[in-house]
Amino acid sequence: MQIFINMGKQPIEGFSKLTKEGKIEWITNTYLEGNPEMKTILKQYWNTDEATQKLHDEFSENTISNFYMPYGIAPNFLIDGRLYALPMAVEESSVVAAASKAAKFWLDKGGFKTTIINTKKLGHTHFIIRAEAHKILHLFNFELKKKLFQDTEAITKNMRQRGGGILDIELIDKTQDLPNYFQLKASFDTRDSMGANFINSCLEQFGKTLKETISASEDFTAEEKNSLQVVMNILSNYTPDCIVRAEVSCKIEDLIDDSGMRPEEFAWKFKQAVTIAEIEPYRATTHNKGIMNGVDAVVIATGNDFRATEACAHAYAARSGKYSSLTHCTTDNGVFRFWIDLPISIGVVGGLTNLHPLVKFSLALLGKPSANELMSILAVSGLAQNFAALRSLVTTGIQKGHMKMHLFNILNQFNATEEEKKYFVEYFKNKTVSHHEVISELEKMRG
Ligand code: MEV
């Protein structure tokens, strides 16, 4: 067997078949010199309740422990006239505090208003065929499209009963971009579910129906039939037509910030900051990252897929060909208006929603929202987060608040006692926390 460069380590066959203890033994012996401390760390994070631990183990594969994430609450969110406390799973200090601060700021100004613009999800059967486009289009219009609906009837039955299903199917000629490349592009309404499994099952049936229909058609030569390759059937995480708007507005004179900045100056600087993110991709990336701090924290807390929501948001931000801001601002006629259009595909049924105890808690806390309501809450969380970030950036700067929240991380790195922590909270009450100042002050204290 081949010896690998990293110190004679050998690959393993059948790792997944080992017991949990066996996996830990192998991992720690192979990579961590059997260090018992490392084993203790892993086991420290096991849930004491066996059933809960088993549930978590079975969410994924090859699990050896749980990876904790802080679960916090941002209260006082007035959204479409209802008061919410948002559950946020996030490790970055100051995200929850920023959300709470923004929620409070808008609480007495009418809160956040949202509009669901559309809820259409998309998926494609990507195929290659060496045949004239008009022939395929003819087959699609006169036979295939009907069959695609018919052959997926069993899969779509329940969804149709819930008011959803396949909305439309189109044939797209992509041969300008790639020789002989066509798509069946389908749009779906998946109601309260994210719908990934539903969409992919429909699309896989499309792939089969496409093959059967072409193969049975008399309009195609044997050579054309043989050239057909269904490359893949898969949903798209880019859902520009599954989109929600969240907005806030108030009179400019009401933009009173605790930094003491005049409302007019605040409005002007804030709008400049948004415009800079609209025109400058370097800034837009950080600006949108801040938005996703708010979105992802609630996405994770509600058991949704943050990789999908991230991918979609950034693809949408680049839809013009130039990456830009997801939020916008106007300051016309004495009124400050700030909004986000967020494309986001999420669910409140299926997936982890009925399984993960904290996800169940989050959804109960939010009043068992529909998927549309959760879309609104997520857009608000992103907008609030962006408002808080820009508010800090154009007034005091981000470090003052950020480092204050980060203080405990620094102190924990140095195993600070409760007494030392209290001292440092007081010490930095009126000044920006800095890493080096914590260290030098700690050194002095500890002699
Ligand atoms: C940090 O996680 C996010 C910010 O950088 C966002 C922004 O700059 O707008 C504060």
Side-chain angles (χ1 to χ4, degrees), residues 69-74 77 86-106 112 246-248 255 257-259 261 265-301 306-307 309-314 316-318 322-331 336-342 344 378-410 432-435:
M69 186 92 128
Y71 181 84
I73 298 292
F77 270 91
L86 302 196
M88 302 184 92
V90 61
E91 86 301 345
E92 183 176 333
S93 29
S94 82
V95 168
V96 180
S100 310
K101 223 175 148 195
K104 210 151 175 209
F105 185 91
W106 289 104
F112 297 81
E247 59 188 291
V248 283
L255 289 172
D257 184 68
D258 26 358
S259 68
M261 187 180 274
E265 189 188 353
F266 177 87
W268 182 85
K269 262 187 119 177
F270 192 100
K271 184 171 173 338
Q272 292 303 302
V274 175
T275 309
I276 289 168
E278 284 168 340
I279 60 157
E280 169 52 75
Y282 281 99
R283 173 56 202 152
T285 307
T286 319
H287 179 96
N288 290 343
K289 186 274 182 188
I291 292 171
M292 297 312 284
N293 277 346
V295 176
D296 287 344
V298 183
V299 164
I300 295 170
F306 68 93
R307 287 85 55 207
T309 52
E310 281 281 334
C312 184
H314 297 297
Y316 186 75
K322 182 176 171 183
Y323 189 84
S324 178
S325 169
L326 288 167
T327 55
H328 307 283
C329 178
T330 54
T331 51
F336 173 88
R337 191 168 161 253
F338 180 50
W339 74 97
I340 185 168
D341 286 340
L342 184 73
I344 190 156
L378 291 164
V380 165
S381 184
L383 186 71
Q385 202 61 224
N386 191 223
F387 179 79
L390 296 184
R391 184 184 178 190
S392 295
L393 285 167
V394 303
T395 55
T396 53
I398 206 76
Q399 285 308 81
K400 188 166 179 247
H402 190 80
M403 290 304 285
K404 198 168 167 188
M405 297 298 157
H406 191 54
L407 175 62
F408 282 95
N409 287 347
I410 304 174
T432 304
V433 175
S434 85
H435 198 268

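Numbering of ligands and ligand atoms starts at 1, following listing order. What you see is a predicted model; the values in this text were computed from it and never measured.
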Could you pull out the N/O contacts under 3.5 angstrom between ligand 1 and the surrounding protein atoms?
unit_1, atom_1, unit_2, atom_2, d
ligand 1, 2 (O), Glu92, OE1, 3.3
ligand 1, 2 (O), Glu92, OE2, 2.6
ligand 1, 2 (O), Lys289, NZ, 2.7
ligand 1, 2 (O), Asn293, ND2, 2.9
ligand 1, 8 (O), Arg283, NH1, 2.9
ligand 1, 8 (O), Arg283, NH2, 3.4
ligand 1, 9 (O), Arg283, NH2, 2.7

For residues 90-101, run the donor-acceptor check on the side chains, cut-off 3.5 Å, and write out each pair with its distance to 0.1 Å, sequence neighbours left out.
unit_1, atom_1, unit_2, atom_2, d
Glu92, OE1, Lys289, NZ, 2.9
Ser94, OG, His402, ND1, 3.2
Ser100, OG, Val96, O, 2.8

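Lys104 NZ: 12 or fewer foreign heavy atoms inside a 6.0 Å radius.
Under 3.5 Å, the side chains of Tyr316 and Asp341 contain no donor-acceptor pair of N or O atoms.
When the side-chain contact (heavy atoms from CB on, under 4.5 Å) test is applied to Ile279, no partner is found at least two apart in sequence or on another chain. Every side-chain contact (heavy atoms from CB on, under 4.5 Å) that Ala313 has, sequence neighbours left out, goes to Met292, Leu326, Leu342.
For the pair Arg391 and Asp258, the salt-bridge criterion is met [side-chain N within less than 4.0 Å of a carboxylate O].
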